[in-house]
Amino acid sequence: DDDFYADEARADDAGDYGFNADNDIVTGAGEGRLKLLTDQVSNDGLVAMGGRSFSIRNTDGDLVWDSGDQLDRIAAQFGTYDDGRSDDKGVEPEHVEIATLGNRSFAFITLERSTDSLIPVYEITDVTAPTHVHTFLAPDSVAPESTRFVNTSNVGGVLLAASEVSGTVDTFGFN
């Protein structure tokens with residue numbers, strides 16, 4: 001609903017762009033306000049705006065794994081999901097920090113659009129089957145922009161998270 005994207009429309013208008021499949025998002029049983037890219041609408045497919053997940057790709061660029069709606073669900077579980085974002089960009093993953101501890105690898109996913117600073121942690125040692133292992137919450141920080149992991153040993157370290165709106169830096173121990 002701005003002047004920047006002429007090719008966006010709400011999902012409840014998808015039929016105007018050739019979509020004719022049965023889908024709760026469009027029929028009104030779901031979120032008809034979801035923003036779509038109109039030049040990406042097909043008769044049975046929709047492409048929405050915004051980042052709601054994180055993906056892992058191989059060196060050829062092929063998709064290996066995607067988190068789907070897990071990040072939105074984690075934010076809801078922690079009570080930090082800003083439902084006013086549902087129709088735009090969800091929790092908007094902002095930054096990913098990778099850390100290797102021993103023979104295990106972890107991804108720290110910074111969520112910019114939750115009501116408090118929220119950083120889910122996934123073990124990504126097996127990139128085809130990542131698992132959510134922990135979530136950091138900083139209730140006095142808003143909109144984490146960037147993170148940096150500092151190894152303090154071969155099995156642990158400290159995650160530093162800078163939040164742009166609150167102007168805070170949080171530290172989280174992880175091992």
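- Between the CD atom of E112 and the OG atom of S117 there is a distance of 10.5 Å, given to the nearest 0.5 Å.
- No side-chain donor-acceptor contact under 3.5 Å links T125 to the backbone of R104.
- Of all heavy-atom pairs spanning T128 and V64, the tightest one is CG2-CG1, 3.6 Å.
- The CD atom of Q77 lies 7.0 Å from the NE2 atom of H132; values are rounded to the nearest 0.5 Å.
- In this structure, CG in L36 is found 9.5 Å from CD in E8, a value given to the nearest 0.5 Å.
- Transitive grouping of hydrophobic side chains (ILVMFWY, heavy atoms separated by less than 4.5 Å) keeps V169 and F149 in distinct clusters.
- Cluster annotation: L159 and V142 are assigned to distinct hydrophobic clusters (Ile/Leu/Val/Met/Phe/Trp/Tyr, side-chain heavy-atom contacts under 4.5 Å, transitive).
- Closest approach of A9 to Y17, counting heavy atoms only: CB-CE1, 3.7 Å.
- D66 places a side-chain N or O within donor-acceptor distance of the main-chain N or O of G68, the cut-off being under 3.5 Å.
- The structure places OG of S153 at 7.0 Å from CG of N175, a figure rounded to the nearest 0.5 Å.
- At least one donor-acceptor pair under 3.5 Å links the side chain of N58 to the backbone N or O of G61.
- The closest side-chain heavy-atom distance from I119 to T135 is not below 4.5 Å.
- Residues forming a side-chain hydrogen bond (donor to acceptor under 3.5 Å, both in side chains) with N151 (at least two apart in sequence, or on another chain): none.
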Verify side-chain contact (heavy atoms from CB on, under 4.5 Å) between L111 and I109, making sure each step is shown before the conclusion.
CA-CA 6 Å; L111 305 182; I109 314 299; 4.0 Å; yes
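- Annotation: side chain to side chain contact (heavy atoms under 4.5 Å, CB included) contacts of V121 (sequence neighbours excluded): F106, F108, V133, H134, F136, F174.
- A donor-acceptor contact shorter than 3.5 Å links the side chain of S67 to the backbone of F54.
- Expressed to the nearest 0.5 Å, how far CD of Q70 lies from OG of S53 amounts to 9.5 Å.
- Under a 3.5 Å cut-off, the side chain of S42 and the backbone N or O of G45 do form a donor-acceptor pair.
- For T38 (side chain) and D7 (main-chain N/O), a donor-acceptor pair under 3.5 Å exists by modelled atom type.
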Apply side-chain contact (heavy atoms from CB on, under 4.5 Å) to I56 and L63, showing your working.
CA-CA 6 Å; I56 298 176; L63 183 65; over 6 Å; no
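- Linking ILVMFWY residues whenever their side-chain heavy atoms come closer than 4.5 Å, directly or via other members, places I124 and V96 in the same cluster.
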Between R148 and E97, is the side-chain contact (heavy atoms from CB on, under 4.5 Å) condition met? List the steps.
CA-CA 6 Å; R148 180 70 60 201; E97 179 75 12; 4.0 Å; yes
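- For the residue pair L118 and T80, the shortest heavy atom distance occurs at CD2-OG1, 3.3 Å.
- Taking all atoms of both residues into account, the shortest heavy-atom contact from R52 to P93 is N-CD, 4.0 Å.
- F172 and V158 fall into different hydrophobic clusters, where Ile, Leu, Val, Met, Phe, Trp and Tyr are joined by side-chain heavy atoms under 4.5 Å apart, directly or via other members.
- In plain terms, the two heavy atoms of I74 and Y122 that are nearest each other are CD1-OH, 3.5 Å.
- The shortest non-hydrogen separation linking D170 to S163 is OD2-OG, 4.3 Å.
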side-chain contact (heavy atoms from CB on, under 4.5 Å) assessment of T168 paired with D140:
CA-CA 8 Å; T168 54; D140 295 325; 6.0 Å; no
